[in-house]
Structure formats: C-alpha cells, structure tokens
Amino acid sequence: MSPSPLGRVLAPGVFLPILAAALLLAAMGSAEPAFAQPTRAALESRFDLLSQRYNDALSRFQQDRYNTEQAFLRVVSARASGDPDQIEQAFSTHFTLAVEEMAASAEVRRIAEELRLAAEDMVDALEAREDEILNDLNSPTPFTPEGQALLRLELQRVRTRVRDADTILDRIGGGIGENLDLRPIIRLEQGPRDTPDDLRFKAAVLEEQADNYETYLVDLDALIAELERRERVEQARADVIADLNRFDANAPVVIPGGRTARLPQGVSAAIAGANASGALAQYSLAEQIELFTGIREVAAEYRDLQRLRAQDFRVAAGGTPG
C-alpha cells in the first residue's frame, strides 16, 4: 500500500496554504459537495463500538442456540417415549426456540458484516500509516532522536490495533468466522423401542451434522489459506524492520507479537484443556496455521464418524449400506 504524500508532519505555516489550495481545486473541479474522509480516530472508534455490539449479539445467539439444542434433545426423548402429547409439546417448544435462534443468528450476521467492513477500513488506514512511519524511519534525513522515539511508539500502537482488527476478522472473517467453533458430535444410540422411522430420523440428524462438518472444513481451508497469505506479508514487513534495526541497534523497532487469531470456541477437549490457563489465547501466524490444521483433522474425523454412524442407523432401519 503506497504511503500518503502527507505522511510527514508539516509546519502549520506550510500546511494550511496547501490544504486551502487543495480544497479550492476540489471545489472547482466538481459540482458535487466534497465530504471529508473519516479520520483514523473515527474509524477506530466505529470499530470499537461495533465490536462491543457484536459480542453482545453473539452472547444472545449462543444462549438461544443452547436452548434450542436442549429442546431438540427433548424431542428425541419424546419420540422414544411414544407419547403423542409429549411429542407434540416437545416439537412445539423446539419450533418456538428455533425461530428465536434464527432471529438471533440473523442479527449476529448483520452486525458481523458491519463490523467486518469497519475492521477492514481501519486496517487499511492503519497499514497506510504504518508504511508512512517506516518510510520516515528510513528517510535519508532522519528525525531527531525524540521524533524517532515517538514514531516507534506510534508504530507499536498501530500494529497493536491492527492485531485487534485481525482478532475480529479471524472470528467473523468476511463470513468465514462466525461459526468457526468446532461443535462436539451428537451422540445418538439405537433404543430397544426404536421403530424404522425413529432410526431413519436419527440417521438424518447425524447426516445433517456430517454435512455441517463438511461446510466447516471448507471454512477452515479458507482461513488457513488466508493465514498463510498473511504470514508472507508479515515476513516482508519483518524484513523491512530488520533492516531498520541493523542500522540503529540502540533503538530497535519493537513490534509486539505477530498478527494473531483467537482459539475458536468449542474445540476438542484436549485443546480446550491445554488452554485452561489462557496460555494459548494468541499465537504467532505459524502456530495458528499449525493449530487450525490440527483442528481440521479433528473435524474431518467427526464428519467421517457421523456418516458411518448414520449409515448404521439406516441399515438397522432396513435400508442398504452406501
């Protein structure tokens, strides 16, 4: 991304005439009114506001989803009992809660899209500023030591805010992150009172979850590819910073961490247990790629297992394998 020609701070006496001339030329060149572009501060403020709104909406959705899952288990239990009144009540409750979950999910998606755009706009502005700072630090006419120290501090703040946006984008990721939580497999067993219809119903439930895992794997593949791309970009930036530090060993440019992602909710017990202390909350890009590749392997095993179990139910119901 090309640095802005106004990246270096200008003296007020020089800046104001330039600004006035630019505004005059803009007014003369177009009959439409000119609208100021949002400042970096405004973009950051909007990002923070939408982040909070997204977290609140996601919490409501997760509670609704839990309620729906519990209602679904009651449907399974009611069908096993064979009591028509119990079955009707269970289905009615499940339907009502499922509608509420769908509404909450739609709200999460709506806010997530706003947040994704806000995060991308903020990252664009921050990365442009980062390029300006690196150009200034590489300038053949360097700033004073005090000025260089301020630039280095600003660079660290910019990179921290970029990582804040990356954390969000890794969760909602332009549509790939909203459901990047690896949900545990549904465990259904054959009961002695199961009819062929009951067995086929259970098979359909398992097949639906297997299809969900298939979609999840596609999302993971997209995320891993994006992390690998980002890793290449980060390495290029790290090379620039390394060159800076080579010539200024007394005041190195310290960039805290790399661009990171958070561990998805609902991962396997082994991974969740390892993260109990919070030590795995954030990773380097290389570690993220390794982690998500491991999660992908687990998801593929879950998909294959549910498909095999669904096939067993269909065979038990009088169907044919395959």
Side-chain angles (χ1 to χ4, degrees), residues 54-55 57-58 61-62 64-66 68-69 72 98 101-102 104-120 123 165-188 202-234 258-272 275 280 282-311 313-314 322:
Y54 174 79
N55 287 332
L58 186 60
F61 164 69
Q62 289 171 337
D64 286 346
R65 185 172 69 180
Y66 173 79
T68 304
E69 288 174 343
F72 173 77
E101 180 187 343
M102 289 171 61
S105 177
E107 178 68 1
V108 168
R109 289 195 300 272
R110 185 187 67 79
I111 297 175
E113 178 61 16
E114 291 185 50
L115 179 54
R116 180 184 66 81
L117 295 174
E120 290 175 349
V123 168
D166 283 339
T167 296
I168 288 294
L169 289 172
D170 286 334
R171 290 175 62 193
I172 64 177
I176 68 173
E178 178 186 345
N179 294 311
L180 273 183
D181 54 327
L182 180 56
R183 301 176 69 175
I185 59 174
I186 296 175
R187 295 190 177 277
L188 299 178
K202 291 180 178 181
V205 171
L206 297 176
E207 288 164 350
E208 180 180 3
Q209 190 177 43
D211 291 341
N212 290 338
Y213 285 132
E214 184 66 41
T215 300
Y216 179 86
L217 288 168
V218 172
D219 292 344
L220 269 182
D221 287 340
L223 175 57
I224 291 170
E226 169 60 17
L227 291 174
E228 290 173 339
R229 182 199 66 79
R230 193 179 295 169
E231 185 180 37
R232 293 191 294 270
V233 172
E234 283 294 295
R259 298 177 72 172
T260 60
R262 293 191 179 277
L263 190 68
Q265 299 174 8
V267 297
S268 71
I271 297 175
N275 193 40
L280 299 180
Q282 292 188 338
Y283 303 89
S284 69
L285 285 168
E287 290 167 335
Q288 290 175 55
I289 293 168
E290 181 179 1
L291 171 65
F292 286 118
T293 299
I295 294 175
R296 189 194 187 287
E297 293 174 358
V298 174
E301 291 177 3
Y302 284 0
R303 175 201 59 194
D304 296 342
L305 175 62
Q306 296 302 66
R307 284 179 176 167
L308 287 173
R309 296 179 68 231
Q311 185 178 85
F313 277 110
R314 292 204 177 277

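Predicted, not measured: the structure shown is a model, and the values here were computed from it.
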Q: Identify which one of Leu217, Thr215, Asn212, Asp211 satisfies the side-chain contact (heavy atoms from CB on, under 4.5 Å) criterion when paired with Arg303.
A: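 Of the listed residues Leu217, Thr215, Asn212, Asp211, the side-chain contact (heavy atoms from CB on, under 4.5 Å) partner of Arg303 is Leu217.
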Q: Step by step, work out the side chain to side chain contact (heavy atoms under 4.5 Å, CB included) result for Lys202 and Leu206.
A: CA-CA 6 Å; Lys202 291 180 178 181; Leu206 297 176; 5.5 Å; no
Q: Does a side-chain N-to-carboxylate-O contact under 4.0 Å join Glu101 and Arg65?
A: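 Arg65 and Glu101: not salt-bridged.
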Q: Got a sec, which residues hit side-chain hydrogen bond (donor to acceptor under 3.5 Å, both in side chains) with Arg307, two or more places apart in sequence or on another chain?
A: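 If we apply the side-chain hydrogen bond (donor to acceptor under 3.5 Å, both in side chains) test to Arg307, skipping adjacent residues, there are no hits.
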Q: Thr293 side chain to Ile289 main-chain N or O, any donor-acceptor pair under 3.5 Å?
A: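 Answer holds: yes.
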Q: Quick one: list whatever passes side-chain hydrogen bond (donor to acceptor under 3.5 Å, both in side chains) with Asp221, sequence neighbours left out.
A: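 Asp221 satisfies side-chain hydrogen bond (donor to acceptor under 3.5 Å, both in side chains) with Arg296 once adjacent residues are dropped.
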Q: If you round to the nearest 0.5 Å, how far is CD of Glu228 from CZ of Phe292?
A: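 The CD atom of Glu228 is 12.5 Å from CZ of Phe292, to the nearest 0.5 Å.
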Q: Could you tell me whether Arg109 and Glu113 make a salt bridge, using a distance below 4.0 angstrom between a side-chain N and a carboxylate O?
A: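 No, no charged N to carboxylate O under 4.0 Å.
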Q: If I take atom CD from residue Gln209 and atom CG from residue Leu305, how far apart are they, to the nearest 0.5 angstrom?
A: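 The CD atom of Gln209 sits 9.5 Å away from the CG atom of Leu305.
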Q: Kindly compute the distance separating CG (Leu220) from OH (Tyr213), expressed to the nearest 0.5 Å.
A: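 The CG atom of Leu220 sits 12.0 Å away from the OH atom of Tyr213.
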Q: Tell me, yes or no, whether the heavy-atom count around Glu290 atom CD, taken from other residues, nucleotides or ligands under 6.0 Å, exceeds 12.
A: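 Not more than 12 within 6.0 Å, no.
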Q: Does the pair Ile295 and Tyr216 meet the rule for a side chain to side chain contact (heavy atoms under 4.5 Å, CB included), with working shown?
A: CA-CA 10 Å; Ile295 294 175; Tyr216 179 86; 3.3 Å; yes
Q: Can you list everything that forms a salt bridge (Lys or Arg N to Asp or Glu O under 4.0 Å) with Glu114? Sequence neighbours excluded, please.
A: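 Per chain and number, Glu114 pairs via salt bridge (Lys or Arg N to Asp or Glu O under 4.0 Å) with Arg46, Arg110.
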Q: Taking all heavy atoms of Phe313 and all of Leu188, pick out the closest pair and write down the distance.
A: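 Shortest heavy-atom separation between Phe313 and Leu188 comes out as CZ-O, 3.4 Å.
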Q: Please give me the minimum heavy-atom distance between Asp64 and Ala104, naming the atom from each residue.
A: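 Scanning both residues, the minimum pair turns out to be OD2-CB, 3.4 Å.
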Q: Which is it for Gln311 and Arg314 under the side chain to side chain donor-acceptor pair (under 3.5 Å) test, yes or no, and what are the steps along the way?
A: CA-CA 5 Å; Gln311 185 178 85; Arg314 292 204 177 277; over 6 Å; no
Q: Where do Val123 and Ala165 come nearest, in terms of heavy atoms and distance?
A: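 Smallest interatomic distance, heavy atoms only, reads CG2-CB, 3.4 Å.
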